[in-house]
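Taking it in order: structure first as structure tokens, then the write-up.
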Amino acid sequence: MPELPEVETLRRNLEPTLVGRRFAQVDITLPKLFLGLAGLQPDDLVGRRVERIRRRAKLLVFDLSEDLALVFHLRLSGQLVHRSRDGVALASGGHPVPAFGAPLPHKATHASFGFDDGSVLYLTDIRQFGRIWLLPAAMLRDFLERSRLGPEPLADAFSEEQLRARLARRPRAALKPLLLDQTFLGGVGNIYADEIAFEARLSPLAPVGDLGPERPADLYRAIRSVLHHAVTNGVADIRNGRTNPERDFPRVHGRAGQPCPRCGTTIVKTHVAGRGTYPCPRCQGYPPG
DNA sequence: AACTACTCCTGGAGGC
DNA sequence: TGCCTCCAGGAGTAGT
């Protein structure tokens with residue numbers, strides 16, 4: 001599930017509660033989700049301290065003492081919950097099912113990390129697609145480069161000019177598949193791709209080479225504003241594809257049959273790149289032609 | 001290079 | 001109630 005805003009929110013939540021803590025005990029109950037590089041095993045975490053928590057695209061990266069790194073990818077349904085020795089919620093984030101306040105471990109809790117203060121970090125992942133990598137810090141750069149992730153859309157270094165240059169390299173690609181391509185841009189997933197296309201008033205099927213001179217600027221502003229808004233004001237709240245009608249976000253994703261918040265036209269559901277896609281036919285000129 | 005289809009999984013929703 | 005199908009916020013791989 002979690003896309004850039006959810007992972008960034010999780011990172012900000014965990015930072016104050018985990019940095020400085022030492023691993024005391026590690027329990028991996030679903031072995032396939034743990035990938036130790038250079039022969040590292042889960043128990044190699046014990047005694048290591050969390051020095052820093054970073055994010056790259058949808059990856060959550062723990063820099064550890066003694067030159068190790070622990071990397072999480074929550075994929076579709078992973079969540080992390082950090083609880084104190086007494087079971088008090090310290091921090092949580094990721095996929096909201098099961099509810100963050102539910103008893104832990106849940107039957108889908110596949111890894112737990114105990115710390116020196118008695119607190120525990122639980123990884124719960126119903127669909128088992130999430131992964132954890134433990135690797136030497138010296139391998140982290142290669143590890144990240146191998147996935148060829150595109151630029152960080154919220155970084156200062158990500159400019160409109162950079163976006164234009166990257167669009168120019170893929171002129172025949174349709175907008176939504178390009179936004180989902182992690183080598184084009186790091187961190188956008190299915191919900192935010194729809195929200196960005198809506199904000200920019202662009203069809204998810206529009207070939208980006210046909211946007212004309214002005215629209216890339218709209219797209220750039222939409223990428224920045226949609227992701228920034230989500231990180232700042234709280235993230236998407238969806239349960240199994242159903243939008244929570246109490247919230248104004250997402251504005252179009254999951255809202256087939258509801259009126260467009262801009263023009264009132266009924267939002268439709270279609271499939272683009274094999275993913276459920278929700279455009280406003282009028283605002284976004286969908287379908288084209 | 002750039003599509004699609006299939007794969008890894010579980011579980012909730014809705015049709016009958 | 002049960003059974004069935006479809007769908008779900010990701011991404012790697014294989015085929016065309």
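Heavy-atom basis, side chains included; hydrogens, waters and symmetry copies ignored. Protein chains get the first letters and strands the later ones, always in sequence-line order, with residue 1 at the start of each.
By the salt bridge (charged side-chain N to carboxylate O under 4.0 Å, His left out) test, A:Asp44 pairs with no residue at all, sequence neighbours left out. Here A:Asp125 pairs with A:Ser77 under the side-chain hydrogen bond (donor to acceptor under 3.5 Å, both in side chains) rule; sequence neighbours left out.
Residue A:Lys58 places at least one side-chain N or O closer than 4.0 Å to OP1 or OP2 of C:dA11. Taking side-chain N and O atoms only, A:Lys269 has a distance below 4.0 Å to OP1 or OP2 of C:dA8. Look at A:Arg172 and you won't find any side-chain N or O under 4.0 angstrom from OP1 or OP2 of B:dA2. Within the structure, a side-chain polar atom (N or O) of A:Gln182 is placed less than 4.0 Å from OP1 or OP2 of C:dA11. Dashed line: the shortest gap from a side-chain N or O of A:His253 to OP1 or OP2 of C:dG9 is under 4.0 Å. Under 4.0 angstrom from either OP1 or OP2 of B:dT10 there lies no side-chain N or O belonging to A:Lys107.
Computed from coordinates, the A:Arg146 CZ to C:dA11 C1' distance equals 16 Å when rounded to whole Å. Across the protein-nucleic acid pair, A:Ile126 atom CD1 and C:dG10 atom P stand 16 Å apart, rounded to whole Å. The CZ atom of A:Phe184 sits 16 Å away from the P atom of B:dA1 (whole-angstrom rounding). Atom CG in A:Leu33 sits roughly 15 Å away from atom C1' in C:dG10 (whole-Å rounding). Rounded to a whole Å, the NE2 atom of A:His271 is 10 Å from the C1' atom of C:dA8. Look at CZ on A:Phe143: it is 13 Å from C1' on C:dG12, rounded to the nearest Å.
Mapping A:Arg127 and A:Leu180 onto DNA chain C by nearest heavy atom places A:Arg127 closer to the 5' end of the strand.
Nucleotides B:dA5 and C:dC7, compared at atom P, are 13 Å apart to the nearest Å. Nucleotides C:dC4 and B:dC8, compared at atom C1', are 22 Å apart to the nearest Å.
Here A:Arg56 pairs with A:Glu152 in a salt bridge; the nearest charged N to carboxylate O distance falls below 4.0 Å. Using a 4.0 Å cut-off between charged side-chain N and carboxylate O, A:Asp117 and A:Arg21 make a salt bridge. With salt bridges taken as basic N to acidic carboxylate O contacts below 4.0 Å, none links A:Asp194 and A:Arg275.
For A:His73, whose side chain is taken as the heavy atoms from C-beta onward, the closest listed nucleotide among C:dG9, C:dA11, B:dC9 is C:dA11.
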Could you please spell out the steps behind the side chain to side chain contact (heavy atoms under 4.5 Å, CB included) verdict for A:Ile53 and A:Val19? CA-CA 7 Å; A:Ile53 303 180; A:Val19 169; 4.1 Å; yes

With Watson-Crick and G-U wobble geometry limited to distances under 3.5 Å, how should the secondary structure of DNA chain B be encoded in dot-bracket form, using | for bases paired to another strand and [ ] for crossing pairs? .|||||||.|||||||

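Taking the 5.5 Å centre cut-off and the 30° plane limit, the aromatic side chain of A:Phe129 is classed as stacked on C:dG10.
Aromatic ring centres of A:Tyr220 and A:Phe158: separated by under 6.0 Å. Between A:Tyr278 and A:Phe198, a ring centre-to-centre spacing not shorter than 6.0 Å is recorded.
The residue A:Ala173 sits close only to the backbone: its heavy atoms come under 4.0 Å of sugar-phosphate atoms, none of a base. Counting any heavy atom pair closer than 4.0 Å across all strands shown, A:Gly276 reaches sugar-phosphate atoms only and no base atom.
Residue A:Glu6 places a side-chain atom within donor-acceptor reach of the base of C:dG9, judged by atom type and a 3.5 Å distance cut-off alone.
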